[in-house]
Structure formats: structure tokens, C-alpha cells
Amino acid sequence: MLYYLFDYLDKHYHLPGAGVFQFISFRAAMAVITSLIIAQLFGARLIRVLQKKQVGESIRDLGLQGQMEKKGTPTMGGLIILLAILVPVLLFAKLQNIYIVLMLLSTVWLGLIGFVDDYIKVFQKNKEGLSGRFKVMGQIGLGITVGWVLFFSDDVTVRQYLLPNGETSAVDASSVYQDVKLMITTIPFAKNNELNYGNLFSYAGPFFNGLYSFLYIPIVILIITAVSNGANITDGLDGLAAGTSAIIGITLAIFCYVSGNAFLADYLDVMFIPNSGELVIFCTAFVGACVGFLWYNSYPAQVFMGDTGSLAIGGIIAVLALIVRKELLIPVLCGVFLIENLSVMVQVGWFKYTRKKYGEGRRLLRMSPLHHHYQKLGYHESKIVSRFWIVGIMLAILTLVTLKLR
């Protein structure tokens with residue numbers, strides 16, 4: 001909203017300094033500052049309200065060190081993250097941008113699903129919370145919406161440069177170009193690094209060429225569901241999910257800035273996506289919200305984010321990666337989420353297999369998800385979190401290296 005206000009003041013009244021709102025870098029800086037301030041001011045008040053209403057986390061004794069000390073710690077702290085994202089974006093971003101609209105929708109959508117889950121757990125004293133079936137239905141609904149918009153909206157385009165030999169390229173800049181509807185994505189570590197989803201049906205003949213939307217939308221659903229649940233599973237130690245998400249958010253902010261800048265995209269040989277640079281404001285607000293939340297969530301936590309926060313931040317990361325056509329980098333960028341997810345799947349699968357084969361279930365890990373395995377080994381929770389952050393930083397750097405390593 002402030003963008004439109006100062007744009008009006010600059011054009012009609014030539015207000016000194018108003019033109020600075022045209023710069024994404026300035027608005028991104030203001031977004032992260034505002035996000036941090038909101039997290040600080042609103043966080044302390046929300047914690048007091050939650051404590052007054054006795055909105056505490058119910059802890060199931062799993063025999064983990066320091067676990068029972070957390071009993072009664074307020075949950076639903078994800079509200080801090082949601083507010084610290086939404087307010088700066090509404091203030092500083094161009095609200096007519098299709099990508100900003102999509103990110104706001106995704107944030108509110110998954111935030112509401114998580115809030116309902118936490119509400120059932122806390123106020124209705126139902127430890128199971130919202131049925132897993134309804135969670136998945138909500139994630140599928142968002143996946144269909146996001147996939148449909150990205151696939152069919154005329155505002156979602158990539159720039160194709162017309163080369164002298166008559167061919168087109170998404171990265172080789174020239175003075176002649178066109179912005180077209182084309183569902184392509186980036187293949188990491190490959191020289192000719194573009195995958196056109198439409199080509200996946202080309203072998204079946206021209207009759208099937210228009211059917212690749214039926215492939216693309218399920219891929220979007222799978223990515224959103226997987227990353228959202230991965231963030232939810234990772235949210236098991238103080239500061240783990242928020243810190244890891246902040247690292248991922250910084251990486252995505254760099255991708256958004258490069259993908260939305262024609263000169264940088266050309267220099268780094270990256271696909272240029274018109275209007276995607278505006279997502280930098282959203283990314284910086286997201287990072288500010290995660291870091292601001294860490295003020296209260298780092299060990300020992302004063303508040304837990306609950307599903308209100310964890311489902312939302314996972315969905316945000318997934319949709320951002322889809323918009324900038326970097327979804328195939330998610331296994332690397334979100335490697336911490338992936339290994340946490342896999343640790344649960346492998347543990348459950350191995351237990352069922354050995355119970356069927358030997359008559360008793362056996363475990364590969366002392367406990368899943370993986371961070372609880374290390375707790376069982378005697379590592380202090382703050383050390384586990386710090387090392388997971390370091391791994392997250394290494395994966396983020398590796399992800400950025402893919403800009404040039406092909």
C-alpha cells in the first residue's frame with residue numbers, strides 16, 4: 001500500500017525521496033526491518049496472552065532429555081510469523097503482482113489449516129488435532145490452485161530471446177525478445193538446463209500435447225505437500241524449523257532477485273521471469289519473520305510455532321521455488337526437511353517389514369525424526385539445532401553454486 005501512496009506522491013507532487021519506493025532493494029530492506037519489529041512487539045504480547053489463556057503444549061513423554069520441562073510452553077506462535085510476513089508485504093509490495101497475490105494466498109491458506117489444527121489440540125483438548133485427511137485435502141486444494149494459476153494465467157510468463165539463427169533461448173539475451181506462456185523449469189547441474197513439461201508428452205503424439213497440465217498440477221501438489229509436511233516434521237526442537245527456514249528464505253530471495261533482473265539473469269545464464277523480482281520483498285519479510293520468531297523460539301523456547309507456523313513456512317518455500325522455476329533444486333535446498341521426512345518413512349517402513357518377517361518390529365534409528373535420534377544418543381538439543389543449521393547453510397551454498405556449476 002505504501003508503494004502506491006509514494007508512487008502517487010512522487011508523480012503528482014514530486015515529493016523529495018518518494019521515488020526511492022521504486023527500488024526493490026529499498027522496499028526489501030524496509031520489509032525485513034518491519035518484519036523484525038513486528039515479531040518483537042507482537043511476539044511478547046502474544047506470548048503473554050497465550051500464557052494467560054493457558055494455551056500450552058501437551059507433551060507426550062518419549063524419554064527425551066529436557067522434554068518434560070517444556071510442558072505448558074505456549075504454542076500457536078506461528079501467528080507471530082504470519083503477521084510478521086503479511087503486514088510488511090501488504091505495506092511494501094506491489095499488490096497487483098500475480099506472484100505476490102499467490103504468495104499471500106498460500107500463506108493465509110496453510111496458516112488457517114495449521115491454526116485449526118492447533119485450535120483443536122489446545123482448546124478442544126484433542127491431541128490428534130485436525131484429521132490428517134483434512135490436512136492433506138487442504139494442501140491438495142492449494143496445490144491445485146497454485147498449479148492452475150501458474151499454468152493458465154496470462155500474467156505468468158518467461159522471456160524468450162530470439163537468436164539470429166531463428167532459435168529461441170530463455171537465457172541468451174538479445175534486443176529481440178518475447179514474453180510467452182511456457183512451462184519450463186531449471187535442471188540443476190546440467191548445461192542445457194531447461195526442462196519443458198510439455199515435452200514429457202511429446203513422444204505420445206500431438207493428441208497428448210495439451211495434456212501436460214494434468215502432469216504439471218499433480219507435481220505442484222506433490223511438492224507443496226512434501227515440503228509443507230517436511231517443515232512440520234522438522235519443527236521438533238527449539239529453533240530448528242525457524243532457523244532452517246530463514247536460511248532457505250535467504251537463498252530463495254537471491255534466486256528471486258536474479259530471476260527478476262534481466263541483466264543479472266543474462267550474466268548468470270539464468271531464466272528471466274518478468275515481474276518475479278517483486279518476490280524479494282516477500283522473501284525478506286519471510287526471513288525477518290523467521291529470525292524475529294527465533295528471539296522467542298531459540299533454546300529454551302518461550303513459545304512454539306505449532307502447525308500454524310510450520311505448515312505455512314513449508315508451503316511458502318514450496319510455492320516460491322515453483323514460481324522461480326527452481327522446484328528441482330528443492331531436494332538440495334530443503335535437504336534438512338527431506339532427510340527428516342525420509343527418516344520417518346524409513347523408520348516406519350523398516351519396522352513394518354521386520355515385524356512381518358521376524359514377528360517383531362525393529363528400528364534403524366533410536367527414534368524418528370532424525371533430530372530425536374541424536375537426542376537419544378545424548379546430544380544436547382542446542383548442539384543438534386546448531387549442526388542442522390550448519391548443514392542447511394552448506395546446502396544453501398551448494399544450491400547457489402548451481403547458478404554457475406553446470
Side-chain angles (χ1 to χ4, degrees), residues 35 38-39 42-43 45-47 49-50 53 55 57 74-91 93 95 98-150 217 220-235 241-242 245 249 279 282-283 285-286 288-290 292-293 297 303-323 337:
S35 182
I38 290 173
F42 178 67
R45 295 183 181 182
L46 178 64
I47 291 171
V49 170
L50 294 175
K53 293 184 176 293
V55 182
E57 182 79 12
T75 187
M76 300 176 76
L79 292 171
I80 300 171
I81 297 175
L82 296 181
L83 190 69
I85 292 173
L86 295 175
V87 172
V89 172
L90 291 173
L91 286 175
L95 301 182
I98 184 65
Y99 301 124
I100 292 295
V101 172
L102 206 54
M103 291 311 307
L104 290 173
L105 174 66
S106 302
T107 304
V108 173
W109 190 309
L110 288 177
L112 282 174
I113 294 173
F115 178 81
V116 171
D117 182 62
D118 288 335
Y119 184 88
I120 293 172
K121 289 178 182 176
V122 173
F123 291 101
Q124 297 186 3
K125 308 300 180 183
N126 183 346
K127 293 182 180 180
E128 299 300 321
L130 184 65
S131 170
R133 181 175 68 256
F134 290 111
K135 281 186 185 179
V136 172
M137 286 174 60
Q139 292 166 332
I140 290 174
L142 178 62
I144 293 173
T145 304
V146 171
W148 187 272
V149 171
L150 292 179
I217 292 176
V220 172
I221 293 171
L222 176 63
I223 291 172
I224 290 176
T225 303
V227 180
S228 182
N229 288 333
N232 187 242
I233 291 173
T234 304
D235 182 34
S245 298
L279 287 171
F282 188 96
C283 290
F286 174 71
C290 291
F293 181 72
N297 185 241
V303 65
F304 301 139
M305 70 169 65
D307 283 13
T308 306
S310 60
L311 288 177
I313 61 178
I316 286 169
I317 290 168
V319 178
L320 279 169
L322 285 162
I323 289 175
F337 293 170

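These numbers were taken from a predicted model, which means no experiment stands behind them.
Taking 4.5 Å as the limit, some side-chain heavy atom of V303 sits within range of a side-chain heavy atom of F293. Annotation: side chain of F134 is not in contact with side chain of V116 (no heavy-atom distance under 4.5 Å). Contact of the L279 side chain with the M103 side chain is registered, since non-hydrogen atoms from C-beta on lie closer than 4.5 Å. Put simply, the side chain of T107 does not reach to within 4.5 Å of the side chain of I313, judged on heavy atoms.
Rounded to the nearest 0.5 angstrom, L150 CG and I323 CD1 are separated by 6.0 Å. Here the CD1-CG distance, from I224 to L311, works out to 12.5 Å after rounding to the nearest 0.5 Å. The structure places OG1 of T234 at 10.5 Å from CG of N229, a figure rounded to the nearest 0.5 Å. For the atom pair CG of L83 and CG of L46, the computed distance is 9.5 Å after rounding to the nearest 0.5 Å. Interatomic distance, L82 CG to F115 CZ, rounded to the nearest 0.5 Å: 10.0 Å. Rounding to the nearest 0.5 angstrom, the gap separating the CD1 atom in I317 from the OG atom in S245 is 4.0 Å.
Between P88 and I38, the shortest heavy-atom contact is CD-CD1, 4.0 Å. Contact record, G314 with V227: O-CG1, 3.2 Å, taken as the closest heavy-atom pair. Closest non-hydrogen pair, L110 versus G315, comes out as CD1-CA, 3.3 Å. Listed here is the closest heavy atom pair of G288 and S35: C-OG, 3.2 Å. For the pair F42 and L79, the tightest heavy-atom approach, listed with the atom from each and the gap, is CE2-O, 3.8 Å.
With sequence neighbours left out, the side-chain hydrogen bond (donor to acceptor under 3.5 Å, both in side chains) criterion links T308 to D118. S228 pairs by the side-chain hydrogen bond (donor to acceptor under 3.5 Å, both in side chains) definition with Q139, not counting sequence neighbours. Applying the salt bridge (Lys or Arg N to Asp or Glu O under 4.0 Å) rule to D117 yields the partners K121, K135; only residues at least two apart in sequence or on another chain are considered. Considering only residues two or more places apart in sequence or on other chains, Y119 meets the ring-ring contact (aromatic ring centres under 6.0 Å, His included) condition with F123. Under the rule for a side-chain contact (heavy atoms from CB on, under 4.5 Å), the partners of V108 that lie at least two apart in sequence or sit in another chain are L86, L112. The side-chain contact (heavy atoms from CB on, under 4.5 Å) search around A39 returns I80, A84, not counting sequence neighbours. With sequence neighbours excluded, the residues forming a side-chain contact (heavy atoms from CB on, under 4.5 Å) with S106 are L142, V146, V319, listed by chain and number. Under the rule for a side-chain contact (heavy atoms from CB on, under 4.5 Å), the partners of L90 that lie at least two apart in sequence or sit in another chain are M1, L95, L104.
Screening residues 310-323 for side-chain hydrogen bond (donor to acceptor under 3.5 Å, both in side chains) gives N232-S310 as the qualifying pairs, with residues at least two apart or on separate chains.
Here the side chain of W148 pairs no donor or acceptor atom with the backbone of I217 at under 3.5 angstrom.
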Checking side chain to side chain contact (heavy atoms under 4.5 Å, CB included) for the pair D307/L130: CA distance, chi angles, key distance, verdict?
CA-CA 10 Å; D307 283 13; L130 184 65; over 6 Å; no
